[in-house]
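Residue numbers begin at 1 in each chain, while the letters A, B, ... track the order of the sequences. Values below: every heavy atom of this structure, side chains too, minus hydrogens, waters and symmetry copies. Just so we're clear, the structure is a prediction, and the values are computed from it rather than from any experiment.
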Amino acid sequence: MKSEPNDYSIDDLEKDGQEPWDGVRNYQARNFMRDEMREGDLVFFYHSNIPEPGIVGTGRVCSKAYPDPTAFDTTDPHYDPKSDPNNPTWFLVDVCFEKKLSQALTLNQMREDVELEGMLVTKRGNRLSVTPVDQKHAAHILSLV
DNA sequence: GCCAACGTTGGC
DNA sequence: GCCAACGTTGGC
């Protein structure tokens with residue numbers, strides 16, 4: 001799961017302990033959260049839009065998927081007038097802090113690692129903020145950090 | 001700050 | 001339903 005650290009960082013998650021992953025307005029990312037993610041699933045926390053983007057920590061999915069309340073909040077920047085509260089468009093899960101890495105696993109390192117070949121987040125032009133990670137890729141990442 | 005990638009919007 | 005225009009993401 002990507003986040004710009006200026007907006008929400010691994011340190012923020014460590015401090016908060018748990019955070020609703022709100023504001024996602026992309027159908028593919030929504031589908032992963034709503035349909036694929038389960039409580040207890042491992043999450044890699046990725047810092048984007050910085051000089052050295054990469055994985056900076058781990059977390060866990062710690063709620064079932066539920067409607068994103070910011071979609072109904074007219075004062076929220078992610079307000080979506082087309083999302084009907086009776087039939088919500090946007091869903092999210094809560095993410096709980098697990099661990100901050102002593103050293104980030106950078107995007108460059110992931111791209112150079114043949115074991116991580118094909119990992120979605122390493123692909124050029126990938127803009128999805130929530131992407132699935134293969135079991136074998138996840139296991140390898142855990143062996144590195 | 002630039003720009004490639006790509007999703008969304010809206011005219012037709 | 002096509003596609004040009006536009007907006008956003010995010011690496012560089």
I need the [atom1]-[atom2] distance between [X] and [N], as an integer number of Å.
X	N	atom1	atom2	value
A:N26	B:dA5	CG	C1'	13 Å
A:N126	C:dT8	CG	P	19 Å
A:I50	C:dT9	CD1	P	16 Å
A:K123	B:dC6	NZ	P	11 Å
A:E52	C:dG10	CD	C1'	15 Å
A:R124	B:dC6	CZ	P	9 Å
A:D80	B:dT8	CG	P	11 Å
A:H47	C:dC12	NE2	P	17 Å

Notebook entry, point to check: How is A:R111 classified with respect to the nucleic acid when contacts are heavy atoms under 4.0 Å: base, sugar-phosphate, or nothing?
Noted result: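 Sugar-phosphate, backbone atoms only, no base.
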Next item on the list: Report the residue from A:R34, A:R25, A:R30 that forms a salt bridge (charged side-chain N to carboxylate O under 4.0 Å, His left out) with A:D68.
Entry: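 Answer to the salt bridge (charged side-chain N to carboxylate O under 4.0 Å, His left out) test with A:D68 among A:R34, A:R25, A:R30: A:R25.
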Of the options [options], whose atoms approach the side-chain atoms of [X] most closely?
X	options	answer
A:Q28	B:dG7, C:dG11, C:dC12	B:dG7
A:N108	C:dG10, C:dG11, C:dC12	C:dC12
A:K82	B:dT9, C:dG11, B:dG7	B:dT9

Note to self: It should be established whether A:Y46 places a side-chain nitrogen or oxygen under 4.0 Å from OP1 or OP2 of nucleotide C:dT9.
What the structure shows: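 Answer is no, no contact under 4.0 Å.
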Margin query: Below the 4.0 Å mark, does C:dG10 have OP1 or OP2 next to a side-chain nitrogen or oxygen of A:K2?
Written below: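 A:K2 to C:dG10 OP1/OP2: side-chain N or O found under 4.0 Å.
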Next item on the list: May I ask you to check whether A:W90 and A:Y66 place their ring centres under 6.0 Å from each other?
Entry: no
Margin query: Using heavy-atom distances to pick each residue's nearest nucleotide on DNA chain B, tell me which of A:N49 and A:R127 is more 5'.
Written below: A:N49
Margin query: Tell me whether A:T122 contacts the main-chain N or O of A:M119 through its side chain, where contact means a donor paired with an acceptor under 3.5 Å.
Written below: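 Confirmed, A:T122 side chain pairs with A:M119 backbone.
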Next item on the list: Answer with yes or no whether the hydrophobic clustering places A:V43 together with A:V133; edges join I, L, V, M, F, W, Y residues whose side-chain heavy atoms lie under 4.5 Å apart.
Entry: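 Hydrophobic grouping puts A:V43 apart from A:V133.
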Next item on the list: State yes or no: do A:L42 and A:M37 share one hydrophobic cluster built from I, L, V, M, F, W and Y residues joined by side-chain heavy-atom distances below 4.5 Å, directly or via other members?
Entry: no
